[in-house]
There are 2 protein chains.
Amino acid sequence: MKLKILAKVDSLDTQKSIISKIGELINFKNLEPGDKLPSERMLSEKFEVSRSSVREAIQKLELYGLLDSIPQSGTFVANIGVIAMNGMIEDILRLEDPDFKSLVETRILLELKTVRLASLRRTEEDLEKIKEALDAYSEKVLRGEDAVQEDLLFHLAIARASGNSIMNNFMLIITPEIITNFEKYHVCDKKLANLSISEHQDIFEAIKKQDPMLAKQKMKDHFTVLYQYCYNIKKST
Amino acid sequence: MKLKILAKVDSLDTQKSIISKIGELINFKNLEPGDKLPSERMLSEKFEVSRSSVREAIQKLELYGLLDSIPQSGTFVANIGVIAMNGMIEDILRLEDPDFKSLVETRILLELKTVRLASLRRTEEDLEKIKEALDAYSEKVLRGEDAVQEDLLFHLAIARASGNSIMNNFMLIITPEIITNFEKYHVCDKKLANLSISEHQDIFEAIKKQDPMLAKQKMKDHFTVLYQYCYNIKKST
DNA sequence: CCTTGTAATCTGGTTAACCAATTTATAAGT
DNA sequence: ACTTATAAATTGGTTAACCAGATTACAAGG
């Protein structure tokens with residue numbers, strides 16, 4: 001019996017191979033920025049894969065900004081030049097699955113920035129949303145329940161208030177994996193959660209006061225406690 | 001005549017509406033983490049859209065880690081709980097297109113970190129790759145040609161050497177848009193490029209010496225010149 | 001009552017034919 | 001020769017039927 005997960009790996013491999021072949025094609029045909037890629041039908045025939053596979057590969061490259069697919073017209077190569085195109089495709093194919101360490105590093109980097117920006121740019125509406133998230137979190141912790149989700153929603157509310165849509169987007173991308181890891185390692189148990197309430201409140205107050213330095217410091221404190229604890233339990237297990 | 005671009009907007013709107021409906025469904029049916037979503041056929045029938053549209057929406061939610069589609073088995077909701085799921089779907093739908101300011105902010109944040117990490121973790125192979133990118137850039141500038149692409153590939157080589165796959169991925173996502181904007185605003189003209197050669201060399205040397213503080217400082221200097229200049233030309237145009 | 005084997009059903013993935021908008025080629029008019 | 005009108009070909013998007021693996025239901029055997 002073939003394991004379930006292998007089917008996904010297979011499909012990812014074919015996608016990577018298609019992306020690679022599209023890259024070679026752009027090189028070989030010397031396609032300039034703005035030029036049109038061969039049609040999806042021709043590509044699927046040339047690569048001997050289904051058209052939907054080609055479409056998925058194109059969608060992925062569209063996500064990275066390398067292609068632009070326009071209905072009833074064609075798929076066009078982005079205005080970044082062949083050299084950048086080659087380098088980027090190579091990098092995209094080489095990308096490995098994220099480890100927990102990368103995840104934590106990136107989260108801390110992003111959040112120390114978003115909390116600073118949020119304290120500078122937050123509107124009254126942003127502040128209310130953050131307060132709501134804070135209250136939802138506190139209530140659940142005080143009832144003795146698990147509140148990992150409310151915790152992360154508080155942080156996402158801050159990211160939204162930062163006014164930087166890219167950082168907001170990046171936070172959204174890494175959040176689910178953070179939640180899964182937290183629940184796997186039981187990072188947020190009740191003892192830690194009670195402490196975190198006051199830490200969250202401090203962060204909120206700093207944003208309310210529009211004090212960027214304080215906001216960043218309070219967030220830093222928050223992470224120190226959180227991940228020091230995480231490191232300990234990981235070593236003990 | 002319908003404008004070309006509108007067709008893409010339409011398709012994005014239907015995708016958003018499908019994502020929203022999937023969110024409602026998870027709420028209404030009280031689907032717990034790990035539960036199975038109705039099949040793609042049922043969803044397409046229920047929502048009165050094509051199955052491929054449903055598949056695309058699912059793929060997007062898979063990208064954000066909210067769903068997991070397993071061949072011949074079904075699509076499962078991620079282990080993050082309904083509350084987080086609702087908040088995240090709301091945020092994903094609300095996400096606006098990135099502006100240039102967000103782009104620059106995020107780039108600087110990421111690169112000041114990746115250059116530091118790269119100086120600490122770079123292997124000899126990483127160092128060689130960075131050197132290659134540096135030489136390719138310098139040569140092209142000295143020949144008086146435009147070298148925006150080689151510039152960005154140098155920075156991407158550093159991101160790769162950082163050993164943080166998520167930051168590397170995020171850098172790849174924002175790079176094409178940076179290139180496009182640079183070329184649009186003619187950020188890197190020859191005068192600036194000649195100055196940038198020595199700045200790039202300084203960054204490389206700091207990474208080679210494995211001096212994280214120096215590396216970060218040199219990168220900061222590099223950005224100061226770059227975006228101050230950018231700000232000036234944007235005001236003058 | 002529980003286990004086991006088998007067949008029917010259900011799943012995401014693939015394929016091929018079809019659609020409407022676009023682009024290109026061709027022909028008619030001036 | 002050039003412009004304009006019309007038709008043929010091309011495009012990404014959609015649809016419906018099909019595939020192989022996974023799941024489920026159920027009956028036979030213990």
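To find a chain, count down the sequence lines: A is the first, B the second, and so on, and within it residues start at 1. Worth knowing before you read on, the calculation uses all heavy atoms, side chains too, and leaves out hydrogens, waters and symmetry mates.
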inquiry  = I want to check one thing: is the phosphate of D/dT11, taken as OP1 and OP2, less than 4.0 Å away from some side-chain N or O of A/Ser39?
reply    = yes

Measure from the side-chain heavy atoms of [X] and tell me the nearest of [options].
X: B/Arg51; options: C/dG13, C/dT11, D/dT14; answer: C/dG13
X: B/Ser50; options: C/dT11, D/dT14, C/dG13; answer: D/dT14
X: B/Ser73; options: D/dT23, C/dT23, D/dG12; answer: D/dT23

Could you state the [atom1]-[atom2] distance from [X] to [N], rounded to the nearest angstrom?
X: B/Ile70; N: D/dA20; atom1: CD1; atom2: C1'; answer: 17 Å
X: B/Leu43; N: C/dG13; atom1: CG; atom2: C1'; answer: 16 Å
X: B/Gln15; N: D/dG13; atom1: CD; atom2: P; answer: 12 Å
X: A/Glu40; N: D/dT14; atom1: CD; atom2: P; answer: 11 Å
X: B/Phe76; N: C/dC10; atom1: CZ; atom2: C1'; answer: 12 Å
X: B/Glu48; N: D/dT15; atom1: CD; atom2: P; answer: 11 Å
X: B/Arg55; N: C/dT15; atom1: CZ; atom2: C1'; answer: 12 Å
X: A/Lys36; N: C/dT22; atom1: NZ; atom2: P; answer: 13 Å

Looking at [Y] and [X], is any side-chain nitrogen of the basic one under 4.0 Å from a carboxylate oxygen of the acidic one?
X: B/Asp91; Y: A/Arg160; answer: yes
X: A/Arg122; Y: A/Glu128; answer: no
X: B/Lys29; Y: B/Glu24; answer: no
X: B/Glu90; Y: B/Arg94; answer: yes
X: A/Arg121; Y: B/Glu105; answer: yes

query = Taking N and O atoms by type only, does the side chain of A/Arg41 place a donor or acceptor under 3.5 Å from a partner on the base of D/dG12?
reply = yes

key: Donor/acceptor link under 3.5 angstrom from B/Gln72 side chain onto base of C/dG12   = yes

inquiry  = Once you apply a heavy-atom cut-off of 4.0 Å, does A/Ser52 come out as touching a base, just sugar-phosphate, or nothing?
reply    = base

